[in-house]
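Notes for the one structure printed next.
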Amino acid sequence: MRQKFNTVYEILDELRERPAMFLGNNYIHSPLTALQAFICGLSFSNIDGGEPSFWGFNRWVTSYVNNMSKSLPWEWLAEERGEQQGFQDFFSYLEKYHTCQIVQVATPTTHNLVPRFRYLDSDLSEIAPPIPNSIHIGQFAPSEVFFLAETYGHNMEKDFPYHTTIEDAIASAQLRWSIPETKWNITQNSQVSEISS
């Protein structure tokens, strides 16, 4: 049997048109809370996250919306805007996020990465972190949301929280990897193939 939806975006487009069909009676009084529960259930499915990956939306929106809670974005949205308006705003922000492309906007001119942080092992002893193969500053263009990207093998990891300026992302790299602010080239936007969030 052919799957009706290929990506999370397709499901949410349909849900936006017919919310009660997907969310049931909970939609009437608590649409944002019901939507959050529905998305939580979707996270256990194997449906494709689309491009950019829907599963990065929560992190993006906390930088895109001024003062939004980094840890509880949907609770913040419900408290600040209310259930009904929060539901509408969710889809408005999602439309903006869905138009974004991940691009590389800055690369370091040095390959000397010295970590300024440590991990704890199972015995609570400090250990040095692995050194990434490469790092760069990325952007969810055209939005003004930037991140420090670290590549390990075939996986690109985005350091969180994200930033609202390239300069803040570069400062984050200095704090993590001791790269001076003067050791960066601002590059022309070039699309980055995202392998892993």
Side-chain angles (χ1 to χ4, degrees), residues 1-103 105 137-149 155-166 168-169 172 189 191-197:
M1 180 177 176
R2 186 172 101 62
Q3 183 174 307
K4 181 175 180 181
F5 303 108
N6 295 314
T7 69
V8 173
Y9 292 109
E10 291 178 11
I11 294 174
L12 293 178
D13 284 346
E14 190 85 12
L15 184 152
R16 188 178 190 181
E17 295 297 318
R18 300 174 184 82
M21 185 176 87
F22 287 85
L23 305 178
N25 290 337
N26 291 332
Y27 168 71
I28 296 168
H29 300 293
S30 304
L32 185 62
T33 300
L35 175 63
Q36 183 181 10
F38 181 84
I39 290 171
C40 183
L42 270 182
S43 70
F44 292 99
S45 74
N46 62 359
I47 191 160
D48 190 275
E51 288 297 328
S53 174
F54 171 78
W55 304 113
F57 173 63
N58 272 6
R59 289 184 166 195
W60 172 87
V61 76
T62 61
S63 290
Y64 185 77
V65 179
N66 289 335
N67 301 316
M68 179 179 267
S69 168
K70 304 283 187 212
S71 56
L72 299 169
W74 303 124
E75 286 79 354
W76 180 93
L77 197 57
E79 288 176 11
E80 292 291 316
R81 314 273 173 83
E83 285 279 339
Q84 299 291 337
Q85 187 60 50
F87 182 85
Q88 298 302 320
D89 289 348
F90 169 89
F91 284 103
S92 176
Y93 295 137
L94 185 62
E95 282 180 7
K96 291 177 172 66
Y97 175 72
H98 194 196
T99 65
C100 290
Q101 291 186 336
I102 296 174
V103 296
V105 294
I137 304 302
Q139 177 186 6
F140 290 93
S143 73
E144 294 294 310
V145 176
F146 301 87
F147 58 89
L148 171 63
N155 296 322
M156 181 178 70
E157 297 180 6
K158 300 183 204 74
D159 187 47
F160 185 75
Y162 298 157
H163 307 279
T164 55
T165 67
I166 295 174
D168 286 347
S172 175
N189 290 2
Q191 190 167 353
V192 175
S193 176
E194 184 175 13
I195 301 167
S196 172
S197 299

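Below, each value reflects all heavy atoms present in this structure, side chains not excepted, and no hydrogens, waters or symmetry copies. Sequential numbering from 1 along the given sequence is applied to the chain's residues. Everything numeric here is computed off the predicted structure, so don't read it as measured data.
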List, one per line, each side-chain donor-acceptor pair under 3.5 Å for residues 16-25, sequence neighbours excluded.
{"residue": "Arg16", "atom": "NH1", "partner": "Glu95", "partner atom": "OE2", "Å": "2.4"}
{"residue": "Arg18", "atom": "NH1", "partner": "Glu14", "partner atom": "OE2", "Å": "2.7"}

Could you tell me whether the side chain of Phe90 reaches within less than 4.5 Å of the side chain of Gln36, counting heavy atoms only? no

Shortest non-hydrogen separation from Asp159 to Ser172 and the atoms involved: OD2-OG, 3.3 Å

Using side-chain heavy atoms (C-beta onward) and a distance below 4.5 Å, is Val145 in contact with Tyr97? no

Under 3.5 Å, side chain of Gln84 to main-chain N/O of Ile28, donor-acceptor pair present? yes

Donor-acceptor check, side chain of Gln85 to backbone of Arg81, threshold 3.5 angstrom: yes or no? no

Leu148 and Ile137: side-chain contact (heavy atoms from CB on, under 4.5 Å), yes or no, with the steps? CA-CA 5 Å; Leu148 171 63; Ile137 304 302; 3.9 Å; yes

Given side chains that start at C-beta, do those of Phe146 and Asp168 come closer than 4.5 Å, heavy atoms only? no

Looking at every heavy atom in both Leu12 and Phe91, which two are closest together, and how far apart are they? O-CE2, 3.6 Å

Heavy-atom pair of closest approach, residues Val8 and Gly49: CG2-CA, 4.2 Å

Go through the structure and list residues passing side chain to side chain donor-acceptor pair (under 3.5 Å) with Thr62, not counting sequence neighbours. none

Determine whether the aromatic ring centres of residues Phe140 and Tyr162 are separated by less than 6.0 angstrom. yes

Side-chain donor/acceptor of Gln139 to backbone N/O of Ser143, under 3.5 Å: yes

Which distance, rounded to the nearest 0.5 Å, do you find between the CG of Leu32 and the CD of Glu79? 11.0 Å

Pair Tyr93 and Phe57, ring centroids less than 6.0 Å apart: no

Mind checking the CZ-NZ spacing from Arg59 to Lys70? Nearest 0.5 Å is all I need. 11.0 Å

Rounded distance [0.5 Å steps], CD1 in Ile11 versus CG in Leu42: 4.5 Å

Gap separating the CZ atom of Phe5 from the CG atom of Asp48, nearest 0.5 angstrom: 14.5 Å

Rounded to the nearest 0.5 Å, the OG1 atom of Thr7 sits from the CZ atom of Phe54 at a distance of 10.5 Å

Are Phe38 and Asn26 packed together at the side-chain level, in the sense that at least one heavy-atom pair is separated by less than 4.5 angstrom? no

Side chain to side chain, Ser69 and Glu75, heavy atoms closer than 4.5 Å: no

To the closest 0.5 Å, what do you measure between CE (Met156) and CZ (Phe147)? 5.0 Å

Holding to side-chain contact (heavy atoms from CB on, under 4.5 Å), I want the full list of residues that pass it with Thr33, two or more places apart in sequence or in another chain. Ser30, Glu83

Can you classify the ring geometry of Trp60 versus Tyr64 as parallel (below 30°), tilted (30 to 60°) or perpendicular (above 60°)? parallel

Where is the tightest heavy-atom contact between Val103 and Ala141, given as atom of each residue plus distance? CG2-CB, 3.8 Å

Ile39 and Trp74: CA distance, side-chain angles, deciding distance, side-chain contact (heavy atoms from CB on, under 4.5 Å) verdict: CA-CA 12 Å; Ile39 290 171; Trp74 303 124; over 6 Å; no

